Each structure stands twice: as C-alpha cells, then as structure tokens.
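Taking it in order: structure first as structure tokens, then the write-up.
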Amino acid sequence: MQTLSPLETAFEQREATGQALPLPSDLAHLYGRLAFPPAPVERPYIISNFVETLDGVAVAHADGKSLDISGGNEHDHMVMGLLRACVDAVIVGAGTLRDASEHRWTPDYIYPPLAAAYRQLRQQLDQAPQPLNVIVSSSGHVDLSLPLFHELAIRSVLITTVQGQARLQEQTLPPTLHLLVAGEQGPLQARAIVETLSRWQPCQRILIEGGPQLMGRFMAERLIDELFLTLAPQLAGRDANELRPGFVSQQLFLPAAPRWGELLSLKRAGSYLFLRYRFT
Ligand SMILES: NC(=O)c1ccc[n+]([C@@H]2O[C@H](COP(=O)([O-])OP(=O)(O)OC[C@H]3O[C@@H](n4cnc5c(N)ncnc54)[C@H](OP(=O)(O)O)[C@@H]3O)[C@@H](O)[C@H]2O)c1
C-alpha cells in the first residue's frame, strides 16, 4: 500500500454525486472524494463495477480458466475493495462464482493491504463488518462446499427459483448461508432479486459485480444507477471460437432501447482509466 500512488482525478462532477462518505485518510489519499446520492425511496441505490479491455472484452478464457482482464492491477483491486466497503451487499451470478470458486466478495479479500481502512469505513457508515455475499442462480447448481459458504465472518445468500431451492436442499446448507426464492423459474427478474433481498435484509446500497448475464438483466430493467468501469490498456481480440463478451450479455439495447450514461468522474493510474457513469 505504501508504494501505491493516488489515482489522478482528471474530471469530476462534484455537484452530481451527493454527500461525501467519511473515507479514512488512506482511502481519501488514494481515491479522492467519494459520494453517493441517497437511495431512492422504493429500492436501494445500485452500483456496478467491471473491468474491460480497450476492445470491450470483460470475459476471456484460456485452458478452461477465466483470464484476469486487469492483469492483477493494484489500483483496480483498491477501487474494487473501496466499492465493496461502501455497500450492504455484493451480488454476483452463479457463473462468476463457478469461475472464481475460491473468491470471497469482501473488501479485504480483494485488497488486503487496506483491510483496516475498509473496516473503519464500514464502521463509520454503521454497516456490518462485511457486505452480504449474494449469489444468483436459476438452476441451483451451486457447490455449497466452496470456501465462501464456510467463512464464518461472511453471511452469504443464495437467491434462486423454486426448482433451484429444491436442488440446493439436496446438499447440507452451511449455517452462514441463507436461501431465498425470488421466482418460479429463471431467469429471475432483477427487480424480484432486489425486492426479495431487501425484504429479508434492508439495504441502502448494493453492488453488482457481474457477470455479464446478471448485469445485462439489471441494465435491461433499468436498475443500475451507476457503473464503475476500469479500462485496462490491452486488447484481448475475438475470433469465431470464443465470443468474449463485454460486461453485458444476452440483452440488446440498441436500437430499440439505447442506454446512455453520464460521466461522473474520470480517474487515471498510469495507462489504466477509472470511469464512473450514471444511468438514469
Ligand atoms: N470483467 C469483469 O469485470 C467481470 C466481472 C464479473 C465476472 N466476470 C466474468 O464473467 C464470467 C461469467 O459470465 P456470465 O455472464 O456467465 O456470468 P454470471 O451472470 O455471473 O453467471 C451466469 C449464471 O448466473 C445465474 N444468473 C445470472 N443472472 C440470473 C438471473 N437473472 N436469474 C437467475 N440466475 C441468473 C445463472 O446461474 P445458473 O446457471 O446456476 O442458473 C447463470 O447461468 C466469468 O468468467 C467471470 O470471470 C468478469
């Protein structure tokens, strides 16, 4: 952390982002000011975070393994940790869990050097020590022996269908896991996912960390308030054998339902860009 340089802020719409969060000094030094508008009355404020290559690739595989699009960039991990530290729940699709089966969606897991600062921020925000880790699956094909479900410090939630619940109940449910049913069959509506979660545990802010199928659904239902997008300065390429989607898949917006974002901030670390867009 000592050697990590602060992000350089090239542009910021200060007046558009609301009241600044009380960032501990390490985080304020590295990120600058961070503010969010209050949640709408009827639902939590929903942000999302992705990394893409310059040619728009968010998912690439080689030898059956998912490739790290950011190249393990430390600034990207620092920002991921910061966003996780600001929310009540991080939601991912089961595909993302299957591809990152060791992962835990907590601030300290993604960027351990700032664990103390992230915890301090959560305390200041009056939040639980770790965000809820929420996995969405229609099928219920989720391996409950994965480390995420056995970490006592993390409360995990699986949001699924009636059929998915039946399949999951064939395994022993870990004590830190809670099962919620948000529909008869998949894919579940993003709105149903949020409402089901919020009924069980009220949330002010939620972070969608992918993958592209889940994100596509949230975008299609206009439930993403903001996108934090890291642009990694590399080209991934595509060919007929590998589709390599961007951060949205299985949804079309253009031309019938175009989605335009408004740039809220632009930060830089070396050749990496950190973009923040609002979608209304
Ligand atoms: N570049 C980035 O920033 C980034 C971020 C996150 C993930 N990723 C990558 O994205 C890849 C996975 O992509 P993906 O599009 O398959 O991801 P995904 O959305 O995480 O997973 C798809 C699966 O999640 C469940 N799911 C998603 N939306 C659902 C809905 N509305 N209702 C019910 N279930 C839903 C389904 O699970 P069931 O099959 O169990 O029904 C579906 O098959 C991974 O390789 C990961 O590394 C990249």
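Order of listing sets the numbers, starting from 1, for every ligand and every atom in it. All residue numbers refer to positions in the sequence shown, counting from 1. The model shown is predicted, which means the values in this text are computed figures rather than measured ones. FYI, side chains are in, hydrogens and waters are out, and symmetry mates aren't considered; it's all heavy atoms of this structure.
- Taking the charged nitrogens against the carboxylate oxygens, E242 and R238 have no contact shorter than 4.0 Å, which rules out a salt bridge.
- Taking 4.5 Å as the limit, some side-chain heavy atom of M80 sits within range of a side-chain heavy atom of E209.
- Residues D108 and Q130 bring a donor and an acceptor atom of their side chains to less than 3.5 Å of each other.
- With salt bridges taken as basic N to acidic carboxylate O contacts below 4.0 Å, one links R43 and D225.
- Protein residues with a heavy atom under 4.0 Å from ligand 1 are F50, V51, A58, V59, H61, S66, G93, A94, G95, T96, R98, D99, V136, S137, S138, S139, P187, L188, E209, G210, G211, P212, Q213, L214, R217.
- Here E12 does not pair with K267 in a salt bridge; the nearest charged N to carboxylate O distance is not below 4.0 Å.
- No continuous path of ILVMFWY side-chain contacts below 4.5 Å connects L132 to L125, so the two sit in separate hydrophobic clusters.
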